[in-house]
There are 2 protein chains.
Amino acid sequence: MARTDTRFRQAHNQMLDHLRTLPHDAPLASEVQFATRLGVSRTVVRAVMQKLAADGILRQDGRGKRLVRAPRDKDRLPLRDDYIGRDELEARFLDWVLRFDVPAGTALNITQLARQFNVPTHALQEFLASLGQSGLIERRPRGGWRLLGFTADYAVELSEFRQVLELNAVRSFAALPADHPAWADLARVRDEHLDLLSRIERDYHDFSRLDGRFHALINSVVQNRFVAEFQKVISLIFHYHYQWDKTMERFRNEAAIGEHLRIMTALEARDGPAAEAAARTHLATSKETLLSSMRGHHLA
Amino acid sequence: MARTDTRFRQAHNQMLDHLRTLPHDAPLASEVQFATRLGVSRTVVRAVMQKLAADGILRQDGRGKRLVRAPRDKDRLPLRDDYIGRDELEARFLDWVLRFDVPAGTALNITQLARQFNVPTHALQEFLASLGQSGLIERRPRGGWRLLGFTADYAVELSEFRQVLELNAVRSFAALPADHPAWADLARVRDEHLDLLSRIERDYHDFSRLDGRFHALINSVVQNRFVAEFQKVISLIFHYHYQWDKTMERFRNEAAIGEHLRIMTALEARDGPAAEAAARTHLATSKETLLSSMRGHHLA
DNA sequence: ATTGTGCTTTTAATGATAAAAATCACCGCT
DNA sequence: AGCGGTGATTTTTATCATTAAAAGCACAAT
């Protein structure tokens, strides 16, 4: 077969919902209006109209379209469980790779993966291609894909790259003019750190999100699409690993809060070099945590 | 139809070439040996063998395969002009985008582009997806692709990103131990600069390649797959723009050689800060050149 | 002039299909 | 038994025809 008619079915059902709100024998809006309202092309609207006319729900002659009878529940078209979207696919794929510790060098099987993730093979192909630049995946010369895998090497290089980007961001941050809105954000995030620190015993789990916000803030002062793109990969991977390594979690998080605070204090004092040094320390810790988490997971 | 049989045809012709070197009635090697020699799977070898047997060129019963008659020229299978490879596609695509100055926001037409570049639609899809991270291209929500375009913004951000990476590389370079092989490479590249400078009047065109080698050398000391990946994009784009902006080319190149030499002198003196400063100057010039080249091209 | 509809053309997502690779099963020889 | 080979079968992936959806065109009605 070809394209799914999911769009048609959804539009059809939405149209039923709309018709139900209308009084009997009411005149209907134009095709273009419906098209924009439902977010589909006019072709789909026309197909829906025709179906509805055939089912005796409305009558159409030219532009004089009218409601004939109220739609019933059995008029709805069932829609098969749809394919998952791109973001969902990304999440599931990374989860699979990282959680099951797929060995480096594994040849990926498109068909099998496509079934596993419930996507058409094409979508998977495209997804893998888009992952190409992240260095996790490689195209085999004679077709097929190979998972390069999330190795220790990879983690080291990722951390170093992260360090390059983030130290640069810290330097830029320290040089911001006093009236830049980022300073207000920084004060807010600092308070959140202090707040979390006061109740760390109980809520140490909340650190992961705060960590994400902190690094996002630091990097936000560098307006650069390439940096932003990589930041996505980086935060994704670090985020995933934080989820597992539960050893010493409370301790690690408390220490990390301290390191964050030192960076922020130095920044607020406009002391660039001190901020850079503090950031360097923090990133080193972060790298160590990532590596040890990998070692632990690998032995498991 | 399905997969092309290009592989089969190529293997077939290669096999003919091989058979021609053999004496009459000679016994042939095993299928596996041919498979590895021709770089294809055994299935293809068998298909070729069968065809050759059907054409009366060889006789096969079990493992006793023998040459029956020498192959003639008309036994060769014609192979239709094959699809172009990935690198070729990349080159052509960038050439198209940059040279024809395709306006930002243009919706790309897969089918048309596939015809234009002589690739199957699928290959193009995959290529566009792989370009996703480069920020030149965007997936439209309801299918299709949009060219974000090579705008001034893009050039600025690319240059800044390049600066972050390359300054980091320069710092690493200055800190290398004295016995690192990169120092020898540096001396060689420096001599090449001096050499080109002495004959700049005539050979100023040769600078583009030397420039590429210089920056590649600087970045080679950072062993990082992410850096390497981006370096590819960066050098590609800068390379393309160098090709057009012919204004003042001789002057620009001479000046650039001087800037390169200053960086190298500082490096050889192990003066990190001086090298960084020189690199900063050079990258600023480079950025200006790129921007002005774009302005010139845009008005044309 | 604007808004709407009927009809046609174009485009891209999907599944079927065939080529190629990988795997299995078995044989003959040492 | 173990190695090197062939025959047959089973995946697996690149390509293409097909169809839903979008875009475009011409004209009618207000």
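None of these values were measured; they are calculated from a predicted model. A note on names: the letters A, B, ... follow the listed sequences, proteins ahead of strands, and every chain is numbered from 1.
- Of the possible polar contacts, one joining the A/Thr36 side chain to the A/Val32 backbone as a donor-acceptor pair under 3.5 Å is found.
- Within the 4.0 angstrom heavy-atom criterion, only backbone atoms of the sugar-phosphate kind lie near A/Leu108; the bases stay farther away.
- Taking atom CZ of residue A/Arg115 and atom P of nucleotide D/dT11, one finds them 10 Å apart after rounding to whole Å.
- OP1 or OP2 of D/dG5 has at least one side-chain nitrogen or oxygen of B/Ser30 nearer than 4.0 Å.
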- Query: Could you write nucleotides 24-30 of chain D as a row of B, S and -, 5' to 3', where a protein heavy atom under 4.0 Å of any base atom gives B, of only sugar-phosphate atoms gives S, and otherwise -?
  - Reply: B---B--

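- Note: CG (B/Leu38) to P (C/dA21) measures 11 Å, nearest angstrom.
- Along DNA chain C, the nucleotide nearest A/Glu31 and the nucleotide nearest A/Glu126 are compared for position; the residue whose nucleotide lies closer to the 5' end is A/Glu31.
- The CD atom of B/Gln125 sits 11 Å away from the C1' atom of C/dT11 (whole-angstrom rounding).
- Nucleic acid contact class of B/Thr121 (heavy atoms, under 4.0 Å, all strands): none.
- In this view, B/Phe127 and B/Phe93 satisfy the ring pair (Phe, Tyr, Trp, His ring centres under 6.0 Å) rule, not counting sequence neighbours.
- Distances shorter than 4.0 Å separate some side-chain N or O of A/Thr111 from OP1 or OP2 on D/dT13.
- Sequence order on DNA chain D of the closest nucleotides to B/Asp61 and A/Asn109 puts B/Asp61 first from the 5' end.
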Residues 104-114 of chain B side chain polar contacts: donor-acceptor under 3.5 Å, at least two apart:
| from | atom 1 | to | atom 2 | distance (Å) |
| --- | --- | --- | --- | --- |
| B/Thr106 | OG1 | B/Pro103 | O | 2.5 |
| B/Asn109 | OD1 | B/Thr111 | N | 3.1 |
| B/Asn109 | OD1 | B/Gln112 | N | 3.1 |

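- Each of A/Arg46, A/Gln50, A/Arg66 was scored for a side chain to side chain contact (heavy atoms under 4.5 Å, CB included) with A/Gln60, with one residue passing: A/Gln50.
- Between A/Thr43 and B/Thr4, it is B/Thr4 whose nearest contact on DNA chain D lies nearer the 5' terminus.
- Among pairs with a residue in residues 4-27 of chain B, those fulfilling ring pair (Phe, Tyr, Trp, His ring centres under 6.0 Å) read B/His18-B/Phe34, at least two apart in sequence or across chains.
- In this model, the phosphate group of C/dT5 is approached by a side-chain N or O of A/Lys65 to a distance below 4.0 Å at OP1 or OP2.
- Here A/Gln33 reaches the OP1 or OP2 of C/dG4: one of its side-chain N or O atoms lies under 4.0 Å away.
- Residue-level contact check: B/Leu113 touches neither bases nor backbone, having no heavy atom under 4.0 Å from any strand.
- What separates NE2 of B/His122 from C1' of C/dT11 is a distance of 17 Å, to the nearest Å.
- The cationic atom of A/Arg140 (NZ for Lys, CZ for Arg) does not lie both less than 6.0 Å from the six-membered ring centre of A/Trp145 and within 45° of the ring axis.
- A close approach under 4.0 Å does not occur between any side-chain nitrogen or oxygen of B/Ser41 and OP1 or OP2 of C/dA20.
- In this structure, A/Arg9 places its CZ atom 10 Å from P of D/dA21, rounding to the nearest Å.
- Heavy-atom contacts from other residues, nucleotides or ligands closer than 6.0 Å to CZ of B/Arg76 number more than 12.
- Between the side chains of B/Ser41 and A/Arg142, no donor-acceptor pair is found at a separation under 3.5 Å.
- Between C/dA12 and B/Gln112, no contact under 4.0 Å exists linking OP1 or OP2 to a side-chain N or O.
- Atom pair B/Leu124:CG and C/dA13:P shows a separation of 12 Å (rounding to whole Å applied).
- Atom CZ in A/Arg7 sits about 11 Å away from atom C1' in C/dA12, given to the nearest Å.
- Straight-line distance from the CD1 atom of A/Ile110 to the C1' atom of C/dA20: 16 Å, rounded to whole Å.
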- Would you please test B/Ser130 and B/Arg86 for side chain to side chain donor-acceptor pair (under 3.5 Å) and show each step? CA-CA 11 Å; B/Ser130 80; B/Arg86 213 218 103 106; 3.1 Å; yes

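- OP1 and OP2 of D/dA22 both lie 4.0 Å or more from every side-chain N or O belonging to A/Arg3.
- Note that the CZ atom of B/Arg59 and the CG atom of B/Asp61 stand 6.0 Å from one another [nearest 0.5 Å].
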Please output the side-chain donor-acceptor pairs of residues 225-238 of chain A that fall under 3.5 Å, not counting sequence neighbours, one pair per line with the distance.
| from | atom 1 | to | atom 2 | distance (Å) |
| --- | --- | --- | --- | --- |
| A/Arg225 | NE | B/Glu157 | OE1 | 2.9 |
| A/Ser235 | OG | A/Gln231 | O | 3.1 |
| A/Ser235 | OG | A/Lys232 | O | 3.2 |

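- Listed by residue number, A/Arg142 are the residues of residues 136-147 of chain A with a heavy-atom contact under 4.0 Å to DNA chain C.
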